Amino acid sequence: MKHILITGGAGFIGANFVNYFTEKYSEYHVINLDALTYAANLDNVELNREALDRYTFVEGSICDRSLVESLFEKYDIKGVLHFAAESHVDNSIKNPDVFIETNVKGTFNLIDIAYKHWMIKPFSFREGYENCKFLHVSTDEVYGTLGKIGLFTEQTPYAPNSPYSASKASSDMIVRSYHHTYGMNTVITNCSNNYGPCQHNEKLIPTIIRKALNDEPIPIYGDGLNVRDWLYVLDHCKGIDLAYHKGRSGEVYNIGGRNEQNNLYIVNTICNILDKKVPNDKTYKDLITFVEDRAGHDRRYAIDATKIEKELGWKAAENFDTGIIKTIDWYLKKLIK
């Protein structure tokens with residue numbers, strides 16, 4: 001059985017990936033390393049009895065180098081899927097140091113330890129480690145902001161505008177350097193905004209649902225016209241799976257849902273659905289409240305996913321209209337007892 005390390009596997013995307021991956025593949029033993037910060041929840045990992053026999057959870061930080069080294073030695077790790085990251089932009093504005101520590105230093109620890117475990121020297125793998133791969137999960141925010149037209153491609157220059165996106169851009173560059181300098185088998189994926197089950201309450205869509213159900217003001221930054229390309233989390237997981245198993249060494253793959261919507265559309269759509277599913281004496285849209293815009297708020301993100309679609313055969317199964325129904329239904333089960 002092949003032992004692989006998944007970091008951040010109790011977070012939103014990571015937990016969805018662990019659930020998907022362990023159900024699909026029986027040949028892997030998954031070691032899930034997660035620091036269990038405020039944004040993580042082990043209840044998000046839901047495995048059947050058979051999958052539990054191939055799963056090990058370890059509580060700890062990717063910044064703890066001795067811990068990570070011990071995991072590589074104990075389990076002879078031969079693959080890494082790196083999800084662990086601080087990811088909330090508002091928090092990065094208030095406390096940027098935490099983001100640099102986790103996203104930059106933590107990523108360096110992981111890939112440097114993997115290099116020393118898998119390779120003898122640059123471009124020379126240890127026998128039996130030739131197919132080891134390091135996949136780094138990143139974000140479209142590293143590219144900065146777009147105007148009214150255009151899409152982010154894998155060739156778009158990096159132009160991060162927040163401490164969060166700057167820390168992710170830095171981690172991308174570290175991974176890139178280990179491929180070009182040492183010959184490591186790396187793949188980077190840059191995704192658009194995810195949504196779906198298990199997302200932390202601080203994010204936009206869970207906030208809208210939670211605030212509406214609690215009859216509280218629903219805060220929307222600025223004029224609400226900031227545009228994001230929305231990607232259902234299970235579609236993202238399938239793209240990462242393909243990039244890990246079929247992606248070419250040293251390549252970057254952008255994963256986007258081709259579902260551009262502004263925040264006003266998002267909040268109005270969710271309120272309309274809740275009006276039907278959980279009717280109140282007034283429309284939930286009356287709760288929409290515009291608040292002061294976020295500092296450095298990027299206006300528009302949109303991804304061109306042509307490369308992963310053509311090269312690896314990936315395609316998003318959900319559009320926003322179908323994915324948001326599944327998402328709302330999951331939160332209603334969670335929030336309404």
Side-chain angles (χ1 to χ4, degrees), residues 3-25 28-65 67-68 70-72 74-75 77 79-89 91-92 95 98-99 101-103 105-107 109-110 113-114 134-139 164 167-168 171 189 191 193-203 205-207 210 231-241 244 327 330-331 333-335:
H3 304 284
I4 64 168
L5 178 65
I6 293 178
T7 69
F12 167 43
I13 302 172
N16 275 281
F17 185 82
V18 168
N19 294 337
Y20 161 81
F21 194 82
T22 52
E23 181 178 345
K24 182 175 180 181
Y25 298 104
Y28 290 105
H29 171 213
V30 169
I31 297 93
N32 176 8
L33 175 63
D34 197 296
L36 294 184
T37 63
Y38 75 97
N41 186 349
L42 274 179
D43 291 339
N44 293 340
V45 179
E46 299 178 344
L47 308 180
N48 60 40
R49 184 180 298 275
E50 189 274 331
L52 279 171
D53 293 336
R54 298 178 281 101
Y55 171 81
T56 300
F57 173 73
V58 178
E59 182 176 355
S61 170
I62 57 175
C63 297
D64 185 342
R65 189 175 181 102
L67 172 62
V68 177
S70 71
L71 294 178
F72 270 78
K74 179 177 180 179
Y75 296 105
I77 302 295
V80 175
L81 292 114
H82 176 33
F83 294 84
E86 294 285 345
S87 65
H88 196 269
V89 175
N91 292 345
S92 82
N95 298 296
V98 178
F99 286 71
E101 179 75 10
T102 299
N103 298 352
K105 180 181 177 181
T107 299
N109 276 343
L110 278 172
I113 292 166
F134 189 105
L135 185 142
H136 175 58
V137 180
S138 191
T139 172
Y164 161 60
S167 70
K168 290 299 290 185
S171 65
T189 59
C191 69
N193 275 39
N194 278 221
Y195 69 103
C198 302
Q199 192 167 26
H200 191 266
N201 284 342
E202 69 188 2
K203 299 294 187 174
I205 288 175
T207 294
R210 175 171 44 86
L231 174 65
Y232 191 65
V233 65
L234 182 57
D235 284 328
H236 186 198
C237 291
K238 293 176 180 178
I240 293 168
D241 176 19
Y244 180 74
T327 302
W330 186 88
Y331 279 98
K333 289 179 182 179
K334 176 186 176 184
L335 297 174

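All values below were derived from every heavy atom in this structure, side-chain atoms included, with hydrogens, water molecules and symmetry-related copies excluded. Just so you know, these numbers come straight off a predicted model, no measurement behind them.
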Within this structure, what is the CG-CZ distance for the pair L42 and F57, rounded to the nearest 0.5 Å?
4.5 Å

For a side-chain contact (heavy atoms from CB on, under 4.5 Å) check, start with the C-alpha distance between N91 and F99, then their side-chain angles and the critical distance, and finish with the verdict.
CA-CA 9 Å; N91 292 345; F99 286 71; 3.8 Å; yes

Residue from Y55, Y28, F83 passing ring-ring contact (aromatic ring centres under 6.0 Å, His included) with F21:
Y28

When every non-hydrogen atom of H29 is compared with those of T56, the smallest separation belongs to NE2-OG1, 2.7 Å

Does the side chain of H136 come within less than 4.5 Å of T107's, by heavy atoms?
yes

Between V18 and V45, is there a side-chain heavy-atom distance shorter than 4.5 Å?
yes

Taking the side chain as every heavy atom from C-beta outward, state whether N109 and I62 have any pair of such atoms under 4.5 Å apart.
no

What class does the angle between the rings of H200 and Y38 fall in, given that below 30° is parallel, 30 to 60° is tilted and above 60° is perpendicular?
perpendicular

Out of curiosity, T22 OG1 to N48 CG, how far, rounded to the nearest 0.5 Å?
7.0 Å

Using the side-chain contact (heavy atoms from CB on, under 4.5 Å) definition, which of the options I4, I113, I31 pairs with I77?
I31

If the condition is side chain to side chain contact (heavy atoms under 4.5 Å, CB included), which residues does T207 pass it with, not counting sequence neighbours?
R210, K211, P219

Look up atom OH in Y244 and atom CZ in F134, then write down how far apart they are to the nearest 0.5 Å.
11.0 Å

Can you find a heavy atom in the side chain of L81 that is under 4.5 Å from one in the side chain of V137?
no

Nearest heavy-atom approach of H88 to K203 is CA-NZ, 3.9 Å

Drop me the distance from E86's CD to Y164's OH, to the nearest 0.5 angstrom.
10.5 Å

Between P197 and V233, is there a side-chain heavy-atom distance shorter than 4.5 Å?
yes

Would you indicate whether the side-chain heavy atoms of Q199 and T327 approach each other to under 4.5 Å?
no

Contact summary for A10 and N44, nearest pair of heavy atoms:
O-ND2, 3.6 Å

Any heavy-atom pair between the side chains of C198 and N16 that's under 4.5 Å?
yes

In short, D241 meets F17 closest at the heavy-atom pair N-CE1, 3.9 Å

Going by the salt bridge (Lys or Arg N to Asp or Glu O under 4.0 Å) test, which pairs reach into residues 5-17, not counting sequence neighbours?
none

Closest approach of N194 to C191 (non-hydrogen atoms, all atoms of both residues)
ND2-SG, 3.7 Å

If you round to the nearest 0.5 Å, how far is OH of Y195 from CZ of F12?
9.5 Å

Donor-acceptor pair, distance only, cut-off 3.5 Å: does the side chain of T7 make one with the backbone of A84?
yes

Is the closest side-chain heavy-atom distance between L5 and Y75 below 4.5 Å?
no

N19 (side chain) donor-acceptor with A15 (main chain) under 3.5 angstrom:
yes

Quick check on E23: does its CD atom have over 12 non-hydrogen neighbours (other residues, nucleotides or ligands) under 6.0 Å away?
no

Shortest non-hydrogen pair, G11 vs D34, comes out as N-OD2, 3.6 Å

Nearest 0.5 Å please: distance from the CH2 atom of W330 over to the CG atom of L335.
8.0 Å

Polar side-chain atom of N103 near backbone of K168 as donor-acceptor pair, under 3.5 Å
no

